[in-house]
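Shown next, in structure tokens, is the structure this report addresses.
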Amino acid sequence: MLNPASGIPAEPFVRRLILLLAVLFLAGPAHAAGPDPANWSEVLTSARGETVYFDAWGGSQNVNAYIEWAGSELFKRYGVKIVEVKLADTTDAVARIVAEKAAGKDKGGSVDLIWINGENFASMKRRRLLFSPGWAEKLPNWKYVDFETKPTIRTDFTIPVDGLESPWGMAKLVFFYDQARTDPATLPKSAKDLLAWAREHPGRFSYPQPPDFMGSTFLKQVLCELAPDPSVLQKPVNEITFGEVAAPLFAYLDALKPYLWRHGEAYPKNYLAMKQLMADGELDIIFAFNPAEASGAIEQGQLPATVRSFTFPGGTLANTHFVAIPYNAAAKAGALVLADFLLSPEAQARKQDPKVWGDPTVLAMSKLDAKDRARFDAIDLGVATLKPSELGPALPEPHPSWMERIEREWKKRYGVGN
Amino acid sequence: MIARLGPPLAVLLLAGPVLCGLVGTVLPAFGYLPALGGTRFTLAPMRDLLAEPGLIRSALTSLAVALVTAAAVLMVVVLFVAGWSGTRIFGRILHLVSPLLSVPHAAAAFGLAFLIAPSGMIARLLSPWLTGWQRPPDLLIVNDPLALSMTAGLIVKEIPFLLLITLAALPQVKLAETRALAASLGYGRIAGFLFGVWPRLYRQIRLAVFAVIAFSSSVVDVAQILGPTLPPPLAVRIVGWANDPDLARHFLAAAGALLQLGVTALALIVWLFFEGLAGVVTRRLGQSGRRWRGDAVLRRSGLAAMVATAAAVGAGLALLSIWSVAGLWQFPETLPHSFTASAWIRTIPQIARPLGITLACGLLSTLLAIAVTLLCLTRELQTGRPAGRWALTLLYLPLIVPEAAFLFGLQIFFLAARAEPGLPNLVLAHFVFVMPYVFLALSGPWRAFDRRHEAIAAGLGKSRRTILFSIRLPMLLGPILTAAAVGFAVSVGQYLATVMIGAGRLPTITTEAVALAAGGNRRVIGVYALLQMLLPAVGFAVAIIVPALLFRRRRAMRAG
Amino acid sequence: MTEKGLTLDHVSIAIGGRTLLEITHHVRPGEVLTVMGPSGSGKSALLAFIGGFLDPAFAAKGRVFVSGIELTDLAAEERHAGILFQDPLLFPHMSVAGNLAFALPEAVRGRAARRRLAEEALADVGLARLGARDPDTLSGGQKARVALARVLLSAPRALLLDEPFSKLDADLRQQMRELIFSKALKSALPVVLVTHDEADARSAGGPLLRIGE
């Protein structure tokens, strides 16, 4: 038997064998140190001919089609080839980069650009897995970015961005309902209201199973509303006070569970599953991080035309999503060119169109010239989309450690059956 | 002769990845993996594993699903073959069920989900006139905690597999003669079959039953689509851990994979126990003298179960195709409000790469498997010794060792060897699963070949090579292409091997379909599932059409 | 051992340590040696031994000569021992003419020449102009004759007959016996016939060897 406390050094020959194999299989052309975005024409020159592997959550066809479009434009304009690697979960790609670093693969990594924010960004930044020094604010299109009125562009889930990721789109928690089924007057105005509403409409509300991003977002929304002192959420979790701070959240979830869809014995996998359940008439209130999502879904025949949006007057969570370049990316110049293109008014306007994707822009209208502003003005946001002025206050995201901690707690309490 | 290389090559390519994979699982399970910083043996990964909430439940779910699936599949196949083989209905049902073998598991699971969900087709057909439901009922059917949907999904997919394996073994047991004898002694159809044929037949298909158990105990794609989520079955959690950004989780995943090996082994042990028990009971009953002539109900239920299987999968696939072109389709409408090609239009531009990888990997792994199989079979001719029990066990090895257990280790092994996730690795991983099916499909017709044709050709002064290339291979072209189609279908359906060995860099139609399943967009799922199904169908069409064209004026070649 | 014809020199065949037969015999050109015995007596194994395709499960000793050439150590394809089975076993993926062309020795060059020889061989067994046909569309008697034409066309050194008449009906059986034996006589081929039908032996007219009794 092995003694787990002392641990026994492994057979040296195994190590030698792996070393041998490592030498045998060592591959991948060496790349020069990263390109400098301050010298943009040089970036464009070395980007030409590169293939950029863009790892992005691939669960939405709209997003995939948009990336496809961006890829074809980039190839036409700059000779950079984009291959979207569709992820079921962003952590898949983060895991791969972690494994590559551990295996000493510091060049020619498998990910060139990654769609990321919050917890995954914090984790990659902490592990020094990101291309640095900060490059995002040196991109040519940075001059249009609205970092003044959108603080989440420079602070991602309380973590300073430091130019290690480039903003791509804005997110705000918005709820959807079908006015053919639900009277707008009865809609909940806060998390507490929502519990009362669920009691009166059993089986008509649910949230995606954490650690799905939207499910965890719902937990954080409730946490932010109910925590005795929300300011502690901006700091890392303190294990001593965690129980006290999170108690109202779990009391709330305990009270909510019997009135959830399927009595809380199963949860939708993610937002898209919730959307399908609303279309089927199983759920009456769903929520998303994209205010234009419902309009897009109506446009594509996925939701009935009578669906509308609402938010809580007291505020809902808001954040920004980004693209980042791993430290060992094989095609850094190409990745920079793609990140910059995604920031261009043209790409941002197209993205905001609900017929395409409907993801709100990170740019400031005031910084655009008349022609580019016209692109945005021409967009029909759709019947179900709230105007920016109707979106209500933005609640700041808690420190990423909270998300991880409440996900773990949720799994223990609700994630393993009864 | 190059054929000499066949058997060692098969051993290397089949057992090699499985054994490397197991080593790659066991070492990290005890903390050893220098590439990820583990240089000491420790029990910490095991402790972490045991500390995972709901672990026992996940493991028990896997165990129960495996045993129930195998028992149900075996029962349906036995009742159907016992009650109906040799009848005209048998042939018709066979035509209905055989194509189902090529339907990938994920596509079948999606189809079933669309059928039985509270908002699914069955509920729509019965609502509101019978049920009064204006909205889908709040019933937990898909993803139920008892894994009933998942078990059903596995049963309908494994029935065609075991049925076809059983049919292949039937000629060796003189079914018609034994049946006539049993009938003359006054035994009912099923009893005559059970007492007279079954013990010998079961010995022939036993490894295939083990394969069903191993597969069901460690399946990932079907579990993700239909299985419980609170908590999911063990294999799904292993994949989750293997993909976790946290390094320590790789060790946890390895420990989990080792547990998976244990769960599958336990399932097989439990099965062996019941196998023994059933043998004793059958012998006792066989000697009691009772004739069991009134077996009409049993026979009919066997037939009904078989028809239901074909109908469920068939209806599911039809539903998938409707959803792929559906506009708004609200409950309880039986047909969509409108039709649109938008899901197809949006999907097709994105399909080129996954399609290319699916085709390349499928064709290469199939080609390799056909080549190795032909070498092995040719070698068998030269030595005059048919492959023995050990060879069959070797063939079934990749099907009996749970895939989650050795694929995870193989991934670690490739990582440690710094082999880039690329097509060669993927082809090798697919080959491991393709080869057994190709060999099983081809060895029957190959061995049944009338060797006197070769004696005649030799007497005509033809060399071995000429005989092989002008007589045996052309005459076996049909079976070879069919075996290739089977192999290609297996490759197209591979989920776990593609995800783990391809490291997400090599998407196929199947991995894309399962990734999109998370999105729940039925239209897109419909598109991908149809494509997933179409590819094997094209393979089988080629296997039928090419010989038909080549030998269109050779009647005897068409009959076979 | 240099005389014309087929010589079996101390041939013995055993399986699992049990000796099935021991034969020393000389078959003159045009002569038919009939070997009779019950099933399992090893009579088909004898033909397989002469032809060079004996299953490795059997153990065989002894030597076989044809007109001074020792066959024993030659590969099957070097022996040129033509064989007919009870089934005609035409290659189903080739036309009738294709079957015949396949049998023609390589030495015959040129498409036209090979085709002409094939057609002649067909006419020779009374099947003129059937070359383009699918073998499966022929009658049983026609198939048997194509099989005979095929084996003769390969210019064999000896002819081995493994119950070739047993599946034919009575009329046809007599016709085929006469056809085969007359062709063998004409080509001066030594013949070994294995059968359980006494009438075959009588019709063959040559020496009769009973084994396994």
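Lettering of chains follows the sequences in order, A, B, ..., and the numbering in each one begins at 1. For the numbers below, each heavy atom of this structure counts, side chains included, while hydrogens, waters and symmetry mates do not.
- For R124(B) and W329(B), the positive end sits near the middle of the six-membered ring, less than 6.0 Å away and at most 45° from its axis.
- Looking at P137(B), only its backbone comes within 4.5 Å of chain A, counting heavy atoms on both sides.
- Looking at L303(A), only its backbone comes within 4.5 Å of chain B, counting heavy atoms on both sides.
- For L260(A), the part sitting under 4.5 Å from any heavy atom of chain B is the backbone (N, CA, C, O) and nothing else.
- Most heavy-atom pairs under 4.5 Å with chain B: of the set K275(A), Q209(A), K412(A), this distinction falls to Q209(A).
- With chain B as partner, the option from A65(A), P268(A), A93(A), P202(A) having the largest number of non-hydrogen pairs under 4.5 angstrom is A65(A).
- When each of G31(B), P228(B), P118(B), G327(B) is checked for heavy-atom pairs under 4.5 Å with chain A, P118(B) comes out on top.
- Of the two parts of Q134(B), neither the backbone nor the side chain holds a non-hydrogen atom closer than 4.5 Å to a non-hydrogen atom of chain A.
- We find that E282(A) and R135(B) are not joined by a salt bridge, their nearest charged nitrogen and carboxylate oxygen being 4.0 Å or further apart.
- Proximity of the aromatic rings of Y207(A) and Y267(A) is defined here by a centroid distance below 6.0 angstrom, and this criterion is met.
- Counting only residues at least two apart or in different chains, salt bridge (charged side-chain N to carboxylate O under 4.0 Å, His left out) contacts with residues 137-147 of chain B comprise R262(A)-D138(B).
- Contacts between A266(A) and chain B at a heavy-atom distance below 4.5 Å involve backbone atoms as well as side-chain atoms.
- Put simply, of A305(A), G203(A), P304(A), G71(A), the one with the most heavy-atom pairs under 4.5 Å next to chain B is P304(A).
- T229(B) touches chain A through backbone and side chain together, each having a heavy atom under 4.5 Å away.
- Two residues are said to be in side-chain contact when any heavy atoms from C-beta on lie closer than 4.5 Å; R353(B) and E84(A) fail this criterion.
- A cation-pi arrangement is absent between R523(B) and W323(B) under the rule of less than 6.0 angstrom and at most 45 degrees off the ring axis.
- Contact count against chain B (heavy-atom pairs under 4.5 Å) is highest for N62(A) among N62(A), I97(A), D55(A), V111(A).
- N290(A) meets the side-chain contact (heavy atoms from CB on, under 4.5 Å) test with A292(A), E293(A), W357(A), D359(A), P360(A); sequence neighbours excluded.
- The choice from L139(B), T347(B), T340(B), V142(B) that makes the most heavy-atom pairs within less than 4.5 Å of chain A is L139(B).
- Options P136(B), P349(B), G240(B), S119(B) differ in how many heavy-atom pairs under 4.5 Å they form with chain A, and the most are formed by P136(B).
- Taking 4.0 Å as the cut-off between side-chain N and carboxylate O, R408(A) and E404(A) count as a salt-bridged pair.
- For Q224(B), the part sitting under 4.5 Å from any heavy atom of chain A is the backbone (N, CA, C, O) and nothing else.
- Contact check on E409(A) versus R413(A) returns a salt bridge, with a Lys/Arg side-chain nitrogen under 4.0 Å from an Asp/Glu carboxylate oxygen.
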